[in-house]
Amino acid sequence: MSNLDPTKMSRRQQVVETFRMTRQVDPAVTWWMVGGFVVFGAIGFGLFWLLPGGGVAGLVIAILGGILLGLLGLMIAFSRRAQKAVYLQLEGQTGAAARALTMLRKGWNVEQVVGFTKQQDLVHRVVGPPGIVLVAEGNYNRVRPLLISEHKKHERVAGDYPVHDVIVGDGEGQVPLPRLTRHIQRLGRTVKPAEMTDLLNRLRALDSQRGKAPIPKGPVPTSMKGQRGNLRGR
């Protein structure tokens, strides 16, 4: 992984670094990109070729349309495979869910480690349109009681705002890490933007009673730091 700070890279450098990292984890990414270009390009060519006009001008327009749609397909394939590579790098790391939550779009407030055990089982908090979402990661038998405890604490200050529970994992009733952000975004839209300030103020009172939480340490994949705009919430 590059030692450069991705936030200081140019757009082109970020894309190159993301591609390099993705290819290390997913060697087939190049073929996916080529396939995306060919499939979308063929569709684009066919659509533009069917437009009225025909002749040399029609052929040129169809070729250009095919190239443009082909590039779109290439970027979609690249983005999807890069996102998958990010999650593959994160899985198994302490705080993986916390890092995955950084890929949520603007309008979401993420608070890492609002609850924890000595064994580094963690509960994070997301505040957004669905209300309060508590995200737990770690050993199920240890993190489940912790999540229940945090739910009760948040419910006391939440008032009429809903509190959702999510446990990250591959077991029954759990949410796999790659689906975490999408799952949260699909929990509904109960809290209006104008109500967010009130909800966050209520939570600050709860947070002021807590001790300092251990923020998970460890490397964040380059593509997550430099390419959040391309990957978050997809």
Side-chain angles (χ1 to χ4, degrees), residues 5-7 86-87 90 93-169 173-175 177 179-221 224-229 231-234:
D5 183 355
T7 61
V86 167
Y87 287 123
L90 286 177
Q93 295 185 24
T94 300
R99 298 185 182 98
L101 291 173
T102 65
M103 300 178 74
L104 286 166
R105 297 187 181 97
K106 291 182 180 180
W108 297 80
N109 180 280
V110 178
E111 188 70 29
Q112 295 186 9
V113 196
V114 297
F116 60 94
T117 67
K118 293 180 180 180
Q119 294 82 11
Q120 292 190 313
D121 307 292
L122 308 171
V123 174
H124 316 289
R125 183 180 68 219
V126 179
V127 181
I132 300 170
V133 185
L134 298 176
V135 179
E137 59 176 320
N139 179 277
Y140 180 85
N141 293 326
R142 291 193 303 259
V143 83
R144 180 61 181 166
L146 176 64
L147 181 60
I148 293 173
S149 174
E150 287 299 326
H151 183 103
K152 291 178 180 178
K153 292 177 184 177
H154 283 78
E155 210 169 36
R156 291 192 198 105
V157 300
D160 294 331
Y161 298 114
V163 181
H164 306 271
D165 294 339
V166 175
I167 297 181
V168 178
Q174 301 177 20
V175 179
L177 184 65
R179 299 179 186 173
L180 177 60
T181 55
R182 184 174 297 180
H183 175 84
I184 291 173
Q185 289 169 336
R186 291 180 174 178
L187 288 175
R189 305 184 67 86
T190 305
V191 179
K192 299 177 181 178
E195 298 173 321
M196 282 285 288
T197 301
D198 174 55
L199 179 53
L200 290 173
N201 285 337
R202 295 182 184 214
L203 294 173
R204 287 192 189 99
L206 175 63
D207 294 340
S208 65
Q209 303 171 14
R210 301 180 185 277
K212 188 175 181 180
I215 302 300
K217 298 185 182 297
V220 180
M224 179 169 287
K225 293 190 286 186
Q227 291 292 310
R228 286 191 184 106
L231 302 181
R232 61 174 62 141
R234 291 179 184 249

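Scope of the values below: all heavy atoms of this structure, side chains included, with no hydrogens, waters or symmetry mates.
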**Prompt:** Looking only at heavy atoms, what is the nearest atom pair of Ala136 and Val123, with distance?
**Reply:** CB-CG2, 4.0 Å
**Asked** About how many Å separate CG of Asn109 and CG of Leu200, when rounded to the nearest 0.5 Å?
**Response** 5.0 Å
**Asked** Closest approach of Ser208 and Ala205, non-hydrogen atoms and distance?
**Response** OG-O, 2.7 Å
**Nearest heavy atoms of Ile132 and Ala158, plus distance in Å** = CD1-CB, 3.9 Å
**Asked** Does Val127 reach the side chain of Tyr161, with side-chain heavy atoms less than 4.5 Å apart?
**Response** no
**Straight-line distance of Arg204 CZ to Leu199 CG, nearest 0.5 Å** = 10.0 Å
**Message:** With heavy-atom distances below 4.5 Å as the criterion, would you say the side chains of Glu137 and Val143 are in contact?
**Reply:** no
**Message:** Please determine whether a side-chain nitrogen of the Lys or Arg among Lys153 and Glu150 lies less than 4.0 Å from a carboxylate oxygen of the Asp or Glu.
**Reply:** yes
**Between CG on residue Leu203 and CG on residue Asp198, distance to nearest 0.5 Å** = 9.5 Å
**Asked** Would you say Leu206 and Val114 make side-chain contact, with heavy atoms under 4.5 Å?
**Response** no
**Asked** Do Arg144 and Leu147 have side-chain heavy atoms sitting under 4.5 Å apart?
**Response** yes
**Message:** Less than 4.5 Å apart, side chain to side chain, heavy atoms only: is that true for Asn139 and Gln119?
**Reply:** no
**Asked** Looking at side-chain heavy atoms only, is the closest gap between Ile184 and Leu101 below 4.5 Å?
**Response** yes
**Approximate separation, where rounding is to 0.5 Å, of Arg142 CZ and Leu122 CG** = 10.5 Å
**Message:** Treating His164 as the side-chain partner and Pro130 as the backbone partner, does any N or O pair qualify as donor plus acceptor under 3.5 Å?
**Reply:** yes
**Prompt:** Given side chains that start at C-beta, do those of Thr102 and Val110 come closer than 4.5 Å, heavy atoms only?
**Reply:** no
**Asked** Considering all heavy atoms of both residues, which atom of Arg202 and which atom of Val157 are nearest to each other, and what is their separation?
**Response** CD-O, 3.1 Å
**Prompt:** Given side chains that start at C-beta, do those of Asp207 and Arg125 come closer than 4.5 Å, heavy atoms only?
**Reply:** yes
**Request:** May I ask you to decide if Val113's main-chain N or O and His124's side chain share a donor-acceptor pair within less than 3.5 Å?
**Result:** yes
**Message:** I need the minimum non-hydrogen distance between Val168 and Ala97, along with the two atoms involved.
**Reply:** CG2-CB, 3.9 Å
**Request:** Could you tell me whether Asp160 atom CG has more than 12 heavy atoms of other residues or ligands within 6.0 Å of it?
**Result:** no
**Prompt:** Between Thr181 and Ala100, what is the shortest heavy-atom contact and its length?
**Reply:** CG2-O, 3.4 Å
